[in-house]
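I have placed the structure first, in the form of structure tokens, so that the comments after it can refer back to it.
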Amino acid sequence: MQQYAALATLPSAGPLLGAAYDRAVMTLIRSWRVVTIFLAFDLLISIVPGVAQSSLVTLVLFGWTFSSMAISIRAVFDAEYRMTNRSAGEMFATQLMIALTVLAVNFMAIAAFVQPGGNAQMWLLAVPGIIVGSWLWARWSCGPVLGARGVPAIKALDQSWRLTASAFWPTLVIWGANFVV
């Protein structure tokens, strides 16, 4: 029980990570040396096979996702926004729900691509999943931002569905361009 009391005295991780990201952005803006070090670090991760397959990549992506979402919300919605544990949890819950749904829809595509050798049957199995998965991804693309603003995950997906109803193609093009880049 004493162990849990010590945890309760720690500050929330969301505001700490948000403040750390704010300082990191200011450092990047002010110092080209830091940008060079980060680019070298990214290059090292992508070149060295052992590092590229390690959990270091996951940690970097986790930090980048959290930080980029917080700074985006600050830039677009509220300059005083600070991510909390709850809003970070809703953001990641929404992202997880989207990823699992798209993965489930693409089960046949994944199964088709895992089999050795490519043939026309592989593409007959893969194309419907890719189309439906892309459609769902575009329709739910606003969900993580809404979740990061504190909206519960299911409600965030519902609101995202309504928000993207009249802007499906521009949303899909934006996500497609990000994927290509």
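The structure displayed is predicted, hence computed values, not measured ones.
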query: Which atom names give the shortest non-hydrogen contact between Pro144 and Ser141, and what distance separates them?
result: CD-O, 3.6 Å
- prompt: Is Trp140 linked to Leu163 within one hydrophobic cluster, defined over Ile, Leu, Val, Met, Phe, Trp and Tyr using a side-chain heavy-atom separation of less than 4.5 Å?
  reply: no
- prompt: Can any side-chain N or O of Ser160 pair as donor or acceptor with the backbone N or O of Ala156 at less than 3.5 Å?
  reply: no
query: Is Arg86 reaching over with its side chain to a backbone N or O of Gly150, donor-acceptor style, under 3.5 angstrom?
result: yes
- prompt: Once you round to the nearest 0.5 Å, how far does CD of Glu90 lie from NZ of Lys155?
  reply: 11.0 Å
- prompt: Got a sec, which pairs hit side chain to side chain donor-acceptor pair (under 3.5 Å) with one end in residues 91-107, sequence neighbours left out?
  reply: none
- prompt: Are Leu146 and Ile98 in one and the same hydrophobic cluster, where Ile, Leu, Val, Met, Phe, Trp and Tyr link if side-chain heavy atoms are under 4.5 Å apart?
  reply: no
- request: Determine, using the 4.5 Å side-chain heavy-atom cutoff (strictly less than), whether Leu96 and Val145 are members of one ILVMFWY cluster.
  value: no
message: Nearest 0.5 Å, please: how far is OG1 in Thr171 from CZ in Arg139?
response: 9.0 Å
- prompt: Does Thr164 use its side chain to pair, donor to acceptor, with the backbone of Ala167 at less than 3.5 Å?
  reply: no
query: Linking I/L/V/M/F/W/Y whenever their side-chain heavy atoms sit closer than 4.5 Å, directly or via other members, would Phe92 and Val151 fall into one cluster?
result: no
message: Are Trp161 and Trp135, when compared by the centres of their aromatic rings, separated by less than 6.0 Å?
response: yes
message: Quick check: is Leu136 connected to Trp169 through a chain of hydrophobic side chains (ILVMFWY, heavy atoms under 4.5 Å apart)?
response: yes
